[in-house]
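Just below is one structure, and these are the notes that go with it.
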Amino acid sequence: SGVGMRIIVLVMAIVTMLLLYMLTIATGHASILSDYFWWIFGFNALALLVLGEQAPYVLQVIDMESLGIFAQQGGLIASLILIGFGLWWLGIAVLTTLKHAQQDLPFNLGWWGLTFPLGVFTLAILTLAHQTNLHFIYIFGYGFAMILILLWMLVASKTFKGFYAGHLFFSPCLKTY
């Protein structure tokens, strides 16, 4: 487990350096990378927390409850690391989005893809708060939940506005007809 964790940290550090390189040298592709990689952190942290929480109960059946407790504690530690990477990546994604928003950032249905990673990340933080029973993590998680609700309302309003105006479904191949 120690070697696996070192490999995860090394891979995440390399991916972060790749994104920083893309932000400073090749700015055209950075917005694509920030959205596609960011959701991985919340998803994996949530999976480790949920599976780790159930490990003692499942392994108790075969008299390996101590291994289950070890897996639960390992899941907590690994999810803390992943949530930390996720916060770093969220900052980079927000800065990248703000940079591209200064130029022109037209709305499309792909914006709905931003709500899923934030929702999973928020759920991972709230699950971590539930398992550790730390009040400040609950507050942090509820803050992310409010941001998620605001993002959802923004994307929903832009979707309804685009649908009503007839600009929501754009197909370049139909433009000539």
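The figures that follow rest on heavy atoms only: side chains count, while hydrogens, waters and symmetry mates do not.
The line from CG of Leu82 to CD1 of Ile77 is 12.5 Å long, rounded to the nearest 0.5 Å. The structure places CD1 of Ile62 at 8.0 Å from CG of Leu67, a figure rounded to the nearest 0.5 Å. Taking CD of Gln54 as the reference point, atom CD of Gln60 lies at 11.5 Å (rounded to 0.5 Å). If you take CG on Leu151 and CE on Met146, they are separated by 13.0 Å, rounding to the nearest 0.5 Å.
Following chains of ILVMFWY side-chain contacts shorter than 4.5 Å, one can reach Ile147 starting from Phe136, so the two form part of one hydrophobic cluster. Hydrophobic clustering, with ILVMFWY side chains joined whenever heavy atoms are under 4.5 angstrom apart, groups Leu123 together with Val50. Note on Trp112: it clusters hydrophobically with Leu118, by side-chain heavy-atom contacts below 4.5 Å among ILVMFWY residues. Linking Ile, Leu, Val, Met, Phe, Trp and Tyr residues whenever their side-chain heavy atoms come within less than 4.5 Å leaves Leu48 and Leu126 in two separate clusters.
Taking every heavy atom of both residues into account, Ile83 and Ala45 meet most closely at CG1-CB, 3.9 Å. The two residues Gly75 and Leu49 come nearest to each other via the heavy atoms O-CD2, 4.4 Å. In this structure, Ala71 and Ala55 approach most closely via the heavy-atom pair CB-CB, 4.0 Å. Contact record, Glu53 with Gln72: CA-NE2, 4.0 Å, taken as the closest heavy-atom pair. Of all the heavy atoms in Ile125 and Gly141, the pair that sits closest is CG2-CA, 3.5 Å. Summarising the geometry of Leu80 relative to Leu128, their closest heavy-atom pair is CD2-CD2, 3.5 Å, with the distance given to 0.1 Å.
Between Ile69 and Glu65 the shortest side-chain heavy-atom distance falls below 4.5 Å. Using a 4.5 Å heavy-atom threshold, the side chains of Phe116 and Val120 count as touching. Side-chain contact between Asn133 and Tyr138: present, with at least one pair of heavy atoms (C-beta onward) separated by less than 4.5 Å. Contact of the Phe121 side chain with the Phe43 side chain is not registered, since no non-hydrogen atoms from C-beta on lie closer than 4.5 Å. For the pair Leu87 and Phe140, the minimum side-chain heavy-atom distance is below 4.5 Å.
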